[in-house]
Amino acid sequence: MINITVCNLKSKNKTEQLFIKENTTISSLLSEILNISHEVDVGVFGKLMDKSYTLKDNDRVEFYEKILIDPKIKRKSRAKK
């Protein structure tokens with residue numbers, strides 16, 4: 001068993017510790033353990049990872065939202081008003 005930290009998908013400030021089997025991939029974590037069926041970007045310690053990445057002890061798994069508008073463009077459009 002390995003220990004990982006999962007940043008809660010719904011609340012950005014909450015984390016939880018999970019004990020999972022060794023050789024668990026991000027894909028199996030999402031589908032089998034967390035029951036997340038929709039497409040989500042996942043990173044470990046701030047680096048975007050492929051779904052085939054095998055989780056290691058003490059990894060911090062983070063979920064990222066899709067960016068709908070580039071922040072620079074959004075600021076420029078607000079400044080023009």
Side-chain angles (χ1 to χ4, degrees):
M1 299 293 275
I2 61 172
N3 180 26
I4 62 169
T5 303
V6 176
C7 296
N8 194 334
L9 186 59
K10 295 178 179 103
S11 173
K12 295 176 184 174
N13 296 327
K14 294 190 179 183
T15 61
E16 65 180 280
Q17 300 288 322
L18 291 179
F19 291 95
I20 58 174
K21 295 180 187 175
E22 290 185 33
N23 299 322
T24 300
T25 62
I26 291 176
S27 177
S28 61
L29 173 72
L30 292 174
S31 62
E32 298 168 14
I33 299 169
L34 300 177
N35 296 322
I36 297 175
S37 59
H38 60 280
E39 190 64 29
V40 63
D41 289 332
V42 180
V44 176
F45 290 114
K47 291 186 178 181
L48 195 60
M49 293 296 199
D50 192 53
K51 302 282 191 282
S52 62
Y53 173 77
T54 303
L55 294 166
K56 299 178 179 74
D57 196 28
N58 297 320
D59 273 352
R60 177 184 168 98
V61 180
E62 304 162 349
F63 300 100
Y64 305 118
E65 296 177 7
K66 301 274 185 207
I67 296 177
L68 301 176
I69 300 173
D70 185 359
K72 291 180 185 178
I73 294 172
K74 189 174 182 180
R75 281 192 299 271
K76 282 183 183 179
S77 66
R78 265 189 299 181
K80 290 180 183 179
K81 291 182 182 178

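Heavy-atom minimum distance, Cys7 versus Thr15: SG-CG2, 3.9 Å. Residues Val44 and Leu55 share a closest heavy-atom pair of CG2-CD2, 4.3 Å.
No side-chain donor-acceptor contact under 3.5 Å links Ser28 to the backbone of Thr24. Judged purely by atom type and a 3.5 angstrom limit, Asp57 uses its side chain to pair as donor or acceptor with the backbone of Asn3.
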*Mind running side chain to side chain contact (heavy atoms under 4.5 Å, CB included) on Asp41 and Leu48 for me, showing each step along the way?*
CA-CA 7 Å; Asp41 289 332; Leu48 195 60; 3.8 Å; yes
_Audit row: Arg60, Glu62, salt bridge (Lys or Arg N to Asp or Glu O under 4.0 Å) steps and yes/no_ = CA-CA 6 Å; Arg60 177 184 168 98; Glu62 304 162 349; 3.0 Å; yes
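The closest side-chain heavy-atom distance from Ile2 to Glu22 is below 4.5 Å. Inter-residue side-chain proximity for Val61 and Ile26 is flagged as unmet; no heavy-atom pair is nearer than 4.5 Å. The closest side-chain heavy-atom distance from Ile4 to Phe19 is not below 4.5 Å. Between Phe63 and Leu34 there is a side-chain heavy-atom pair separated by less than 4.5 Å. Side-chain atoms of Lys56 and Asp59, non-hydrogen and from C-beta on, do get closer than 4.5 Å to each other.
In this structure, NE2 in His38 is found 9.0 Å from CG in Leu30, a value given to the nearest 0.5 Å. Annotation: the span from Leu29 atom CG to Lys21 atom NZ amounts to 13.0 Å, rounded to 0.5 Å.
One finds a salt bridge joining Glu39 and Lys51 here, because a Lys/Arg side-chain nitrogen approaches an Asp/Glu carboxylate oxygen to under 4.0 Å.
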